[in-house]
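Note that the structure is a prediction, hence the values are computed from the model and not measured.
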Amino acid sequence: MTTSGPSSAQESALQQDCSAVAVRSVSKVFGAGAHAFRALDDVSVEIRQNEFFTLLGPSGCGKTTLLRLIAGFEQPTLGEVLLDGEDFSGKPPYQRPVNTVFQNYALFPHMTVAQNISFGLEMLGRPKDRIKSVTEDMLRLVQLEAMADRRITQISGGQQQRVALARALAPQPKVLLLDEPLSALDLQLRKEMQLELKRLQTDTGITFVFVTHDQDEALTMSDRIAVMNRGEILQIGTPRDIYNKPQHRFVAGFVGEINLLPAKTTGVNEFAIAEGDCLRSSQAALAPIGDDALLAIRPECIALSAPTDGSLAGVVSNVVYHGTDTIFHFKLENGQELRARSQNNAARSQTFAAGDRIGWSVDPASVSVLADDPS
């Protein structure tokens, strides 16, 4: 006896049921007439319960506008925003089961750490014993018990960031929105807080929606990432998928270092890149045979060797030592320049200098075929 799986309609219903946030065909236009600016253009995304979801993109791409629509600080021109399955379009922020942590933490300098954390609970009219209990829980969660009676001006920037998080988490929102909250911290503290944020999300089970332009932050913390540009979402996927399998030129170039290689489609999985040189990809071609194609290869995926008959060939043009690894710049016969990244370790005996002829290869699974970016 066999059991059939759920129908597509059932799968869709299940997906909606488990969505903390559902943004459906949302557009946002600021201004009117000749001065109108379309900040978001028909954006749709489902953010799951208990997920760390990141909106990643450059300044002006629409990520903060989308966050503000979820929070209720802005209203969509078209489309709808659902929170936990309920349409909250048109409702103000205080009627939504979300809290927001901004770049400026907006803490009260005249209050203590504990008073800042309890303030929101007091405004909600929670019982005093409940406020005390939750505040103590939040202090433990962000590891600031010893700082409870200090004023905000007496603690560091990283500790202030933890207070802002604790205050936002105290009312137990269903969704926590974070608008580049680490941007004011120095590099080392930012890296520490990335791990801290992921721990807090895991410990609380609350859905985090995080906005950043920093690819390292997105790759370090996220369960899934939405890469945005010019008011559109270009790709949604796990950090591994976004990095290893970019679908658009913009995504490939924005997240990590990349080699972009113009080519001609010569087969279902085969591409001509230079005189007599071909590359294969595990991904099928997007254009008919004979048409132009664009390939993407991460520098660390290229293996260099001594030149051999039949191997792909190049000439080293520059070598840059980075401590943990070395970047080899090399040129193909047609003048195209590529970069290969090789980790520095005692086991690696092969090295090259500028002017050396080399052979190079790449696994077909590491060759991405890119689609054109939306115009």
| query | If only atom types and distance count, is the side chain of Glu300 paired as donor or acceptor with the main-chain N or O of Ser342 below 3.5 Å? | reply | no
| query | Heavy-atom count around Arg190 CZ within 6.0 Å, excluding the residue itself: above 12? | reply | yes
| Looking just at side-chain N and O atoms, do Asn344 and Thr326 make a donor-acceptor pair shorter than 3.5 Å? | yes
| Linking I/L/V/M/F/W/Y whenever any side-chain heavy atoms sit under 4.5 Å apart, do Leu40 and Ile233 land together? | yes
| field | Closest non-hydrogen atom pair, Met228 against Leu66 | value | SD-CD2, 4.2 Å
| task | Measure the shortest side-chain to side-chain distance between Phe271 and Val369 over non-hydrogen atoms and say whether it is less than 4.5 angstrom. | result | yes
| said: Under a 4.0 Å threshold between the charged nitrogen and the carboxylate oxygen, would Asp372 count as salt-bridged to Arg249? | reply: no
| task | Report the C-alpha separation of Phe108 and Phe119 in whole Å, then their side-chain angles, then the decisive distance to 0.1 Å, and conclude whether the ring pair (Phe, Tyr, Trp, His ring centres under 6.0 Å) test is met. | result | CA-CA 10 Å; Phe108 300 111; Phe119 178 79; 4.8 Å; yes
| task | Determine whether more than 12 heavy atoms belonging to other residues, nucleotides or ligands lie under 6.0 Å from atom CD of Glu337. | result | yes
| About how many Å separate CZ of Arg126 and OG1 of Thr135, when rounded to the nearest 0.5 Å? | 11.0 Å
| message | Do Asp292 and Lys264 have side chains that approach each other closer than 4.5 Å (heavy atoms only, starting at C-beta)? | response | yes
| field | Leu370 versus Ala296, closest heavy-atom pair with distance | value | CD1-CB, 3.8 Å
| request: Kindly say whether Ala20 contributes a backbone atom to a donor-acceptor pair with the side chain of Thr207 at under 3.5 angstrom? | output: no
| said: Once rounded to the nearest 0.5 Å, what's the spacing between atom OG1 of Thr202 and atom CG of Asn50? | reply: 9.5 Å
| task | Please examine the side chains of Val209 and Val98, heavy atoms only from C-beta on, and report whether any two atoms are closer than 4.5 Å. | result | no
| said: Quick check for you: to the nearest 0.5 Å, what is the distance between Ile242 atom CD1 and Gln215 atom CD? | reply: 12.0 Å
| Is a donor on one side and an acceptor on the other found under 3.5 Å between the side chain of Arg96 and the backbone of Phe88? | yes
| request: Show your working on side chain to side chain contact (heavy atoms under 4.5 Å, CB included) between Phe352 and Leu304 and close with a plain yes or no. | output: CA-CA 9 Å; Phe352 304 98; Leu304 301 183; 3.7 Å; yes
| query | Per the side chain to side chain donor-acceptor pair (under 3.5 Å) rule, which among Thr238, Thr54, Thr212 passes with Ser222? | reply | Thr54
| query | Do Ile206 and Met193 sit in the same hydrophobic cluster, where Ile, Leu, Val, Met, Phe, Trp and Tyr count as joined when their side-chain heavy atoms come under 4.5 Å apart? | reply | yes
| In terms of heavy-atom contacts, does NZ of Lys245 have more than 12 from other residues, nucleotides or ligands at under 6.0 Å? | no
| task | Please report the closest heavy-atom contact between Met138 and Ile117, naming both atoms and the distance. | result | CB-CG2, 3.9 Å
| said: Any non-hydrogen side-chain atom of Leu69 less than 4.5 Å from a side-chain atom of Val26? | reply: yes
| query | Thinking salt bridges, do Asp42 and Lys28 make one under a 4.0 Å N-O criterion? | reply | no
| Is a side-chain N or O of Ser366 found less than 3.5 angstrom from the main chain of Cys301, in a donor-acceptor match? | no
| query | Going from CG on Leu261 to OG on Ser368, what distance comes out if it is rounded to the nearest 0.5 angstrom? | reply | 12.0 Å
| task | Supply the atom-to-atom distance Gln161 CD to Leu178 CG, rounded to the nearest 0.5 angstrom. | result | 8.0 Å
| field | Test log, rule side chain to side chain contact (heavy atoms under 4.5 Å, CB included), inputs Asn334 and Asp277 | value | CA-CA 10 Å; Asn334 63 359; Asp277 286 343; over 6 Å; no
| Is a side-chain N or O of Lys63 found less than 3.5 angstrom from the main chain of Pro58, in a donor-acceptor match? | yes
| task | Determine whether Phe330 and Ser317 make a side-chain contact, defined as any pair of heavy atoms from C-beta on separated by less than 4.5 Å. | result | no
| Given Phe208 and Phe52, is the ring pair (Phe, Tyr, Trp, His ring centres under 6.0 Å) satisfied, shown in steps? | CA-CA 5 Å; Phe208 278 26; Phe52 198 120; 5.6 Å; yes
| request: Could you tell me whether the side chain of Glu180 and the main chain of Val211 form a donor-acceptor pair under 3.5 Å? | output: no
| task | Could you tell me whether His322 atom NE2 has more than 12 heavy atoms of other residues or ligands within 6.0 Å of it? | result | yes
| query | Counting distance only, does the side-chain N/O of Gln143 pair as donor-acceptor with the main-chain N or O of Arg140 below 3.5 Å? | reply | no
| request: Taking all non-hydrogen atoms of both residues into account, name the closest pair between Pro262 and Leu260 and its distance. | output: CD-O, 3.7 Å
| query | Do the non-hydrogen side-chain atoms of Ile131 and Val134 ever get within less than 4.5 Å of each other? | reply | no
| said: A cation-pi test, strictly: NZ or CZ of Arg298 under 6.0 Å from the centre of the six-membered ring of Tyr243 and no more than 45 degrees from its axis. Yes or no? | reply: yes
| request: Kindly give the heavy-atom pair with the smallest separation between Gln247 and Gln235, and that separation in Å. | output: N-OE1, 2.8 Å
| field | Candidate pair Leu141 and Thr204, rule side chain to side chain contact (heavy atoms under 4.5 Å, CB included), full reasoning | value | CA-CA 9 Å; Leu141 184 68; Thr204 61; 3.6 Å; yes
| Taking 4.0 angstrom as the limit, do Lys132 and Glu136 come out as a salt bridge? | yes
| message | Keeping Asp223 on the side-chain end and Glu51 on the backbone end, is there a donor-acceptor pair under 3.5 Å? | response | no
| field | Test item: side-chain donor near acceptor, Ser19 and Glu46, under 3.5 Å | value | yes
| Single-linkage hydrophobic cluster Met221~Leu189, side-chain heavy atoms < 4.5 angstrom | yes
| field | Glu333/Arg357 salt bridge by N-O under 4.0 Å criterion | value | yes
| message | Counting only heavy atoms not in Asp291 (residues, nucleotides, ligands), do more than 12 fall under 6.0 Å from its CG? | response | yes
| request: Classify the side-chain pair Asp84/Gln49 by whether it contains a donor and acceptor separated by less than 3.5 Å. | output: yes
| Ser89 side chain to Val81 backbone, donor-acceptor under 3.5 Å | yes
| said: Check this for me: does any side-chain nitrogen of one of Glu270 and Arg280 sit under 4.0 Å from a carboxylate oxygen of the other? | reply: yes
| request: Would you check if there is a donor-acceptor pair between the side chains of Ser156 and Gln159 at a distance under 3.5 Å? | output: yes
| request: Say whether Leu234 and Leu67 are linked into one hydrophobic cluster, either directly or through other cluster members, by side-chain heavy-atom distances under 4.5 angstrom. | output: no
| query | Would Leu144 and Leu121 show up in the same hydrophobic cluster when neighbours are defined by side-chain heavy atoms closer than 4.5 Å? | reply | yes
| query | Does the side chain to side chain contact (heavy atoms under 4.5 Å, CB included) test come out yes or no for Val315 and Ile358, once each step is laid out? | reply | CA-CA 6 Å; Val315 177; Ile358 51 138; over 6 Å; no
| field | Under 3.5 Å: donor-acceptor pair, side chain of Arg167, backbone of Tyr105 | value | yes
| field | Ionic contact status for Glu86 with Lys91, cut-off 4.0 Å | value | yes
| request: Search all heavy atoms of Ile236 against all heavy atoms of Phe53 and return the closest pair with its distance. | output: CG2-CE1, 4.2 Å
| Side-chain heavy atoms of Leu197 within contact of Leu182, under 4.5 Å | yes
| Are Val163 and Val142 side-chain neighbours, meaning at least one heavy-atom pair lies under 4.5 Å? | no
